[in-house]
Amino acid sequence: MLLISLFIATLFLAYSNGANDNFKGVATLFGSRTSSYQTAILWATFTTLGGAATATFLASTLIKNFSGKGLVPDAIANSPEFHLAVAIATGLTVLIATLMGFPISTTHSLIGALLGAGLVAIGLKVNFAVLGTSFVLPLFLSPIVAISFGAGIYSLSGYINSKWNLPVNQKMIDTCHFLSAGVVSFARGLNDTPKISSLILVIEYFSVQGGMITIAIAMALGGLLNSQKVAVTMSEKITSLNPPQGLSANVVTGILVIAASLFGLPVSTTHVSVGSIFGVGLTGKKANMRVFYQILLSWILTLPTAAIISGIIYRLLQG
């Protein structure tokens, strides 16, 4: 019964992840009116599934151990009760943010849930040093770098265009825009599917590939059915966008996320995506500071919210 509950909770987490994350890669397509909402979410779903499918072939090297992430001893981290508390708490945190329209980091929710259950399990013996590189640095580093690059890339493109008066090929811009959105969504599917799948690897009936395929389907459904509020926030509330601005933001997101992966830098895809859109908006003096501060607050509250929920659930499961 416990393993069945863990399976359902992990699917719930994958659904919540898809609802909050799937649209982030294509937000600039809809925001700049390069595509309709339906076209954007279908493109996001297709490319995210492509990334997830690729992850199944590279499982041995891509699967990441998010069952404890160095916070607690393996004996505790590998127990079904611990996994169940983490899955439920992370899923609830992400879903609450989604329903409120806030784009947050599922990885940070996972870290918070791991911390909360870990504190209940072993108290202050939890490895707090892990939080520095997995939460604190990404929280501050990702938005600052993305905002700077977003503003810089768009300003540079405008300067080059004005200086040399280059002809604008709208079809070429739109094609590159779609491709950049697809790359971001593909990378997200490649990166997030193994993380979530690691929670159900204690269930012996699942192979790694089978678990990831199941998770990928749940993520796709979440994006298709529940991404509207996050879509509006990302596409319209942070700033208004035109196609060149949208392309600039997506290029920055793609470059930074891929570079961070190659060099092992702790950045959040969510924070980079929001930061690059905000940076482009600052350049055009159309950025909504109030909305950005609200999103920033939701990022700060992500970890403690998931930790509290996870700690309560783990204590109840122990009892």
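These values consider heavy atoms only, across backbone and side chains, with no hydrogens, waters or symmetry-generated copies. The first residue in the sequence is number 1, and the count goes up from there.
Between Phe23 and Phe30, the angle of the ring planes goes over 60°, which puts this pair in the perpendicular group of the 30/60° scheme.
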Next on the checklist: Does Gln170 form a side-chain contact (heavy atoms from CB on, under 4.5 Å) with Ile173? I'd like the steps, not just the answer.
Outcome noted: CA-CA 5 Å; Gln170 191 60 47; Ile173 290 176; 4.2 Å; yes
Checklist entry - Yes or no on side-chain contact (heavy atoms from CB on, under 4.5 Å) for Ile104 and Thr270, after CA distance, side-chain angles and deciding distance? => result CA-CA 6 Å; Ile104 65 169; Thr270 299; 5.5 Å; no
Next on the checklist: Applying side-chain contact (heavy atoms from CB on, under 4.5 Å) to Ser105 and Thr302, what does each step give before you reach the verdict?
Outcome noted: CA-CA 8 Å; Ser105 169; Thr302 295; 5.9 Å; no
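Side-chain N or O atoms of Thr193 include none that pairs as donor or acceptor with a backbone N or O of Ala52 at under 3.5 Å. Of the possible donor and acceptor atoms, none in the side chain of Ser310 sits under 3.5 Å from a partner among the backbone N and O of Ala307. Remark: the backbone N or O of Phe178 is paired with a side-chain donor or acceptor of Trp43 at under 3.5 angstrom. For the pair Ser276 (side chain) and Ala249 (backbone), a donor-acceptor distance under 3.5 Å is present. Side-chain atoms of Thr233 come within 3.5 Å of backbone atoms of Gly101 as a donor-acceptor pair (strictly under, hydrogens ignored). Judged by distance alone, with hydrogens and angles left aside, the side-chain atoms of Ser235 form no donor-acceptor pair with the main-chain N or O of Val232 at under 3.5 Å. Under the 3.5 Å distance criterion, the side-chain polar atoms of Thr48 are left unmatched by any main-chain donor or acceptor of Thr45. Judged by distance alone, with hydrogens and angles left aside, the side-chain atoms of Thr239 form a donor-acceptor pair with the main-chain N or O of Lys286 at under 3.5 Å. At least one donor-acceptor pair under 3.5 Å links the side chain of Ser142 to the backbone N or O of Ser268. Between the side chain of Asn20 and the backbone N or O of Asn226, no donor-acceptor pair lies under 3.5 Å.
Side-chain contact between Met219 and Arg188 is present, with at least one heavy-atom pair separated by less than 4.5 Å. Counting heavy atoms from C-beta on, the side chains of Ser180 and Leu247 come closer than 4.5 Å. When side chains are defined from C-beta on, Leu297 does not count as touching Phe102, because their heavy atoms never get closer than 4.5 Å. Contact check for Leu256 versus Thr269: no side-chain heavy atoms found under the 4.5 Å cut-off. By the 4.5 Å heavy-atom criterion applied to side chains, Trp299 and Val274 are counted as neighbours. Taking 4.5 Å as the limit, some side-chain heavy atom of Ile196 sits within range of a side-chain heavy atom of Thr10. The shortest distance between side-chain heavy atoms of Phe278 and Leu282 falls below 4.5 Å. By the 4.5 Å heavy-atom criterion applied to side chains, Thr214 and Phe7 are counted as neighbours.
The pair Asp21-Lys24 counts as a salt bridge, with a side-chain nitrogen and a carboxylate oxygen less than 4.0 angstrom apart.
Listed by first and then second residue, the salt bridge (Lys or Arg N to Asp or Glu O under 4.0 Å) pairs involving residues 27-55 are Arg33-Glu236 (not counting sequence neighbours).
No side-chain donor from either of Tyr314 and Ser79 sits under 3.5 Å from a side-chain acceptor of the other. Using modelled atom types and a 3.5 Å distance limit, the side chains of Thr93 and Thr305 yield no donor-acceptor pair. Side-chain polar atoms of His177 and Thr28 form a donor-acceptor pair below 3.5 angstrom. For the residue pair Ser227/Asn22, the side-chain donor-acceptor check at 3.5 Å is not satisfied.
The cluster map of Ile, Leu, Val, Met, Phe, Trp and Tyr, joined by side-chain heavy atoms under 4.5 Å apart, puts Val291 and Met289 in the same cluster.
Minimum interatomic distance between Ala113 and Thr90 (heavy atoms only, all atoms of both residues): CB-OG1, 3.3 Å.
From Leu29, atom CG reaches atom OG of Ser35 across 4.5 Å, with rounding to the nearest 0.5 Å.
Around the CZ atom of Phe12, the shell of radius 6.0 Å holds more than 12 heavy atoms that belong to other residues, nucleotides or ligands.
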